[in-house]
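Taking it in order: structure first as structure tokens, then the write-up.
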Amino acid sequence: MDGREIELKLGLAPEDMERLRLRPCFDAHCQGEPKTKRLISIYFDTPDFALAAAGISLRVRAVDDGHVQTVKTVGTGSSGLFSRAEWEAPLDSPALAPHHLLSTGLATFNDAALIERLAPVFATHVDRTIYRLAGDGGEWEVEAALDQGEVVAGPHSEAICEVELELRGGPPDRLFTLARQVLETVPARPLVSTKSERGYRLAAGSLNLPVKGKAPPLSFDLTVAEAFQTIARSCLDHLLINERCLLATGDGEAVHQMRVALRRLRSAIKVFRPIVDGAQLADVKDDLRWILANLGPARDSEVFLTEIIDPVLAQHPDNSGLEALRAYWQDDHVVKLAQASEAVRSHRFSTLALKLGEWVETGAWLGRPGEPPRRKLQAPIASFAMTRLGKSVGKLLSVAGDSIGRLSPENQHAVRIQCKQVRYAGEFFASLVPRKQMKVFLAELAELQDVLGRLNDIAVATPKLTGKHVEGGRAKAAGLVAGWHQSRRAALVSEAEKAWKRWRNCPQPWLED
């Protein structure tokens, strides 16, 4: 069977799964009695994970009357929603059937040597309870699967406890409606990792590591609306993968990556403002402000330790005042990291993540269902992208003026913020312009942004130090730290000036013939 799978996943705790079983929020739409079955699936790949690199998962699942081989592609999705191609074929035994792999038409399976190297990598053992849900008029149909079990890779395993809402008919917004009902019943969370993705990370030993984000490549055949959705999905994936890391490990780097994901999304909204503007946008921006305000202090306190205090302590390793100063700010960082984790663990964050995904996939900015899409949504992305890039650069040139060195620290910070906007926009659209020229353009911009970031760290640190430490050894240490960094400022301003001139002299790649 070939087709496209559209589903939304939510993760929850085992005890909440029991509450969901005992009091399903699906009762009003349930068709017949739920059914339970055990699913054992073996996932295959080469030793170097060639299928995963190609965005393909391959499994063989035991079913009542035999086995089923399934191939899926990565597809698209956001905030727990997945849309991907799927091919299924019945098997007489648990052995792979290469001819069915070829029938998918995926180029990866044309490599006979690759098929010969396929072997089991990990397995999932799941008890699944299935509810068939439908609207009264038959306008939609959804299969709700409650899954409990584990993914196993060699000696390693991780629990699986999730709800899968698979669309069988009707509009995708029905999945978000049902997901909200689940969140109102139990503290569930949108999942952006499939079972196969978790299995791969478990097999590679990278299950709960922070993940850096990157802009997905855009193709010239995308419309403006499709390009925005592609970029926004990558931002939400980046956010929620690192949410998992933060809650599992408390790693401060996960906070940093979540902030980057949110800032990239906010930048994408600015770039695409002409098409996504509308009544819902104010709520989206409020949500982004709330979570950024909760993540910011934790990240800022970590930067203060590593970029402001630690370099001075490294120069004066036996200074007891500096050690006491660092201990004070380390305690402050622990408190702020805990506050960030608490915010991310909250029901508000789970709801926010689901709302963002719903807005990206089915928001009012896309127009009313059944009506022709607005012309500007269907326009090719290339022309729109080049126009928006040009406007971002023009604003940066205006904010910075002729000389960064003559600007106040506040205005230098404003230049840095606009640098980020230009860099994110450039990364979003990099695949639409000559690669070599864009690489140089972005590298020079990143260097400028880095120097301005170090200047901003100094500007923020000085009042922070003098305001908290007024007497004793910590006061002297604070003065030592502030003075050490202030002595660097003139050299950094000169470096920023040079970086600004280098970047300003770079040709804009999208204007090249």
Any side-chain donor paired with an acceptor under 3.5 Å for Thr124 and Arg198?
->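 No, because no side-chain N or O of Thr124 sits under 3.5 Å from a partner of the opposite role on Arg198.
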Less than 4.5 Å apart, side chain to side chain, heavy atoms only: is that true for [X] and [Y]?
X      : Y     : answer
Glu86  : Val71 : no
Ile130 : Pro34 : no
Ile42  : Pro94 : no

Reference residue Val422; test side chain to side chain contact (heavy atoms under 4.5 Å, CB included); the match among Leu396, Leu442, Leu448, Leu389 =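 The single option meeting the side chain to side chain contact (heavy atoms under 4.5 Å, CB included) with Val422 is Leu396.
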Intermediate values then yes/no, side-chain contact (heavy atoms from CB on, under 4.5 Å), Leu51 and Leu118 | CA-CA 9 Å; Leu51 293 188; Leu118 294 173; 3.8 Å; yes
Name all pairs fulfilling the ring-ring contact (aromatic ring centres under 6.0 Å, His included) condition that reach into residues 177-201, sequence neighbours left out, sorted by first residue then second.
->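 Those involving residues 177-201 are Phe49-Tyr200, Phe122-Tyr200.
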Sequence neighbours excluded, every pair satisfying ring-ring contact (aromatic ring centres under 6.0 Å, His included) that has a member inside residues 222-249 =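 Matches after skipping sequence neighbours: Phe228-Phe272, Phe228-Trp359, Phe228-Trp365.
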Who passes side-chain contact (heavy atoms from CB on, under 4.5 Å) against Leu247, sequence neighbours left out?
->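 Once residues adjacent in sequence are excluded, the partners of Leu247 under the side-chain contact (heavy atoms from CB on, under 4.5 Å) criterion are Arg189, Glu243, Val344, Arg345.
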Under-4.0 Å salt bridge between [X] and [Y]:
X      : Y      : result
Lys35  : Glu33  : no
Arg180 : Glu358 : yes
Glu139 : Arg174 : no
Arg201 : Glu197 : no

Contact summary for [X] and [Y], nearest pair of heavy atoms:
X      : Y      : result
Ala97  : Gln69  : N-OE1, 2.8 Å
Asp287 : Leu352 : O-CD1, 3.3 Å
Pro187 : Asp16  : CG-OD2, 3.3 Å
Leu165 : Ala179 : CD1-N, 3.8 Å
Gly199 : Val151 : CA-CG2, 3.6 Å
Ala62  : His67  : CA-CD2, 3.7 Å

Hey, could you give me the [atom1]/[atom2] distance between [X] and [Y], rounded to the nearest 0.5 Å?
X      : Y      : atom1 : atom2 : value
Gln257 : Leu209 : CD    : CG    : 12.0 Å
Thr104 : Glu88  : OG1   : CD    : 13.5 Å
Ile115 : Phe44  : CD1   : CZ    : 13.0 Å
Leu175 : Glu7   : CG    : CD    : 9.0 Å
Glu447 : Trp503 : CD    : CH2   : 13.5 Å

Taking [X] for its side chain and [Y] for its backbone only, find out whether a donor-acceptor pair lies under 3.5 Å.
X      : Y      : answer
Gln229 : Val360 : yes
Thr73  : Ala85  : yes
Glu162 : Leu191 : no
Ser157 : Ala153 : no
His347 : Val186 : no
Ser234 : Ile231 : yes
Asn242 : Cys245 : no

Return all side-chain donor-acceptor pairs below 3.5 angstrom for residues 261-269, not counting sequence neighbours, or 'none' if the list is empty.
| from | atom 1 | to | atom 2 | distance (Å) |
| --- | --- | --- | --- | --- |
| Ser267 | OG | Arg263 | O | 3.1 |
| Ser267 | OG | Gln421 | OE1 | 3.0 |

Could you walk me through whether Glu361 and Arg233 pass the salt bridge (Lys or Arg N to Asp or Glu O under 4.0 Å) check?
-> CA-CA 9 Å; Glu361 301 296 339; Arg233 287 166 184 154; 2.7 Å; yes
Compile the donor-acceptor pairs under 3.5 Å between side chains in residues 215-225 and protein atoms, sequence neighbours left out, one pair per line.
| from | atom 1 | to | atom 2 | distance (Å) |
| --- | --- | --- | --- | --- |
| Ser219 | OG | Asp221 | OD1 | 2.4 |
| Thr223 | OG1 | Glu226 | N | 3.1 |
| Thr223 | OG1 | Glu226 | OE1 | 3.4 |

I'd like to check the salt bridge (Lys or Arg N to Asp or Glu O under 4.0 Å) partners of [X]; sequence neighbours left out, ordered by chain and number.
X      : result
Asp65  : none
Arg273 : Asp277
Glu184 : none
Glu444 : Arg502

Within 6.0 angstrom of Glu15 CD, more than 12 heavy atoms from elsewhere |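 Counting other residues, nucleotides and ligands, CD of Glu15 exceeds 12 neighbours.
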Crowding at CD, Gln31 (>12 non-hydrogen neighbours, <6.0 Å) |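 More than 12 heavy atoms, drawn from other residues, nucleotides or ligands, come within 6.0 Å of this atom.
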Salt bridge (charged side-chain N to carboxylate O under 4.0 Å, His left out) partners of residues 42-63, not counting sequence neighbours, each pair once |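 Salt bridge (charged side-chain N to carboxylate O under 4.0 Å, His left out) check on residues 42-63 returns Asp48-Arg117.
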Salt bridge (charged side-chain N to carboxylate O under 4.0 Å, His left out) partners of residues 123-132, not counting sequence neighbours, each pair once |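 Output for this query lists Arg38-Asp127, Arg128-Asp147, Arg128-Glu164, Arg132-Glu143.
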Please confirm whether Trp510 and Phe441 have ring centers closer than 6.0 angstrom.
->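 Yes, the ring of Trp510 comes within the 6.0 Å limit of the ring of Phe441, centre to centre.
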Do any side-chain atoms of residues 375-382 form donor-acceptor pairs under 3.5 angstrom with protein atoms, and if so which ones, sequence neighbours left out?
| from | atom 1 | to | atom 2 | distance (Å) |
| --- | --- | --- | --- | --- |
| Lys376 | NZ | Pro274 | O | 2.9 |

